[in-house]
Amino acid sequence: MKDHVEFYNGYKMPILGLGTWSARPEEMKIAINEALKVGYRHFDTAFTYMNEESIGEVLAEWISQGRIKREELFIVTKLPMIGNRSSDVDIFLKESLKRLKLSYVDLYLIHAPTGLKRDMKDINNVFPEQENGEMDWDMDTNLPTLWQAMEQQVDLGLAKNIGLSNFNESQIRKIMNDCRIQPANNQVEIHAYFLQTELRDVCKEFGITVCAYSPLGSPGRQVLFEERGIENGFIPDILQNPVVSELAKKHEKTPAQILLRYLAQLQVVVIPKSTNPKRIAENFKIFDFELSPEDISDLNSLDQGQKGRTFDWTFFKGAQKHPEYPF
């Protein structure tokens, strides 16, 4: 198995990266340092995560000390929903680059197809709300014109590649029907309980690589539920599944290593998030064993189709009313 996937233009994306969603700034610095020491070169962040500065500080330190070259890194960040207008793309990418202390990112994604209105006084208010408690949705989101602004970032050299996140099949086709520079990647929820086979087939049809967020089921999501007052939020028990446990024993690996290797063998990029040094190191060790066709078949059987989806955006109040709601 290759340690990377290849974009339509030949650009290579490491098949394993470190996810950084919901990590606090100081723990993020520790995590990035540990990951770099272990061998990670692919780091996934977003303007919305509010940790780009912490990541940028560590990367700048490693680069300035000659411990790593910028060309060895693959950095992904994302346009926030409050920036889903053609006039805002340039503003938010330049702000992300400033925080990351970089002159370009390897991949810039539209974080979600649904747009939010922007608080003109506070660029960091990434989830503006209305008085009724619903998010302040921008119902005029225009994906084709937004994509044109994304393409301009490639022209300017600020992004080597551009892509999508949380886009469904019809939205992908909408972009492909009108694009000058095609999406290189679509980042969506994928794990053993939710394989998104149809979506992956559409991406394959267009030569779009796929990246899985929550490849382990996002066990750390309880923090988000608590912050947003969500009771009984669903977190799948993939890591404790008997099939996964048996395969872990068989290969003398952790359940997480089994699940990551599984998706990687399906040519799906994985970005497990962790700030635990031990787990960061463990999650990186998926290249020294191989799952058999029988193992893959057993894991395929865990797929629950749409019932396996856990990120349905219930924590974004009013999202279902948006014309580009993807689920």
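All residue numbers in this chain count up from 1 along the given sequence. Note: hydrogens, waters and symmetry copies are ignored here, and every other heavy atom, side chains too, is used.
For the residue pair Gln148/Ser86, the side-chain donor-acceptor check at 3.5 Å is not satisfied. Using a 3.5 Å distance cut-off with no hydrogens or angles, the side chains of Asp237 and Tyr193 do pair a donor with an acceptor. In the model, Asn51 has no side-chain atom that pairs as donor or acceptor with a side-chain atom of Ser54 under 3.5 Å. No side-chain donor-acceptor contact under 3.5 Å links Gln257 and Arg261. With 3.5 Å as the limit, one finds a donor-acceptor pair spanning the side chains of Glu52 and Ser96. Gln171 and Glu324 share a side-chain donor-acceptor pair at under 3.5 Å. With no hydrogens or angles considered, a side-chain donor-acceptor pair links Asn168 and Ser170 at under 3.5 Å.
Taking Trp62 as the reference, nothing meets the ring pair (Phe, Tyr, Trp, His ring centres under 6.0 Å) condition, with sequence neighbours excluded.
Checking side-chain atoms of Lys78 against main-chain N and O of Thr45 turns up a donor-acceptor pair under 3.5 Å. Between the side chain of Arg70 and the backbone N or O of Leu73, at least one donor-acceptor pair lies under 3.5 Å.
Between Tyr325 and Phe327, the distance separating the two ring centers is shorter than 6.0 angstrom. In this structure, Phe43 has its ring center no closer than 6.0 Å to that of Phe74. Residues Tyr213 and His191 place their aromatic rings such that the two centres sit no closer than 6.0 Å.
With rounding to the nearest 0.5 Å, the separation of CG in Asn283 from CG in Leu16 is 7.5 Å. To the nearest 0.5 Å, the span separating OG1 on Thr141 from CG on Asp138 amounts to 4.5 Å. Remark: Lys29 NZ to Glu61 CD distance equals 9.0 Å, nearest 0.5 Å.
Under a cutoff of 6.0 Å and an axis angle of 45°, Arg118 and Phe92 do not form a cation-pi pair. Taking the ring axis of Tyr104 as reference, the NZ or CZ atom of Lys160 stays within 45° of it and closer than 6.0 Å to the ring centre.
The minimum heavy-atom distance linking Trp313 with Pro113 is given by the pair CH2-CD, 4.1 Å.
Between His111 and Tyr49, the ring planes are perpendicular. Angles over 60° get that label, and only those under 30° would be called parallel.
Side-chain contact check for Tyr11 versus Glu6: every heavy-atom pair is 4.5 Å or farther apart.
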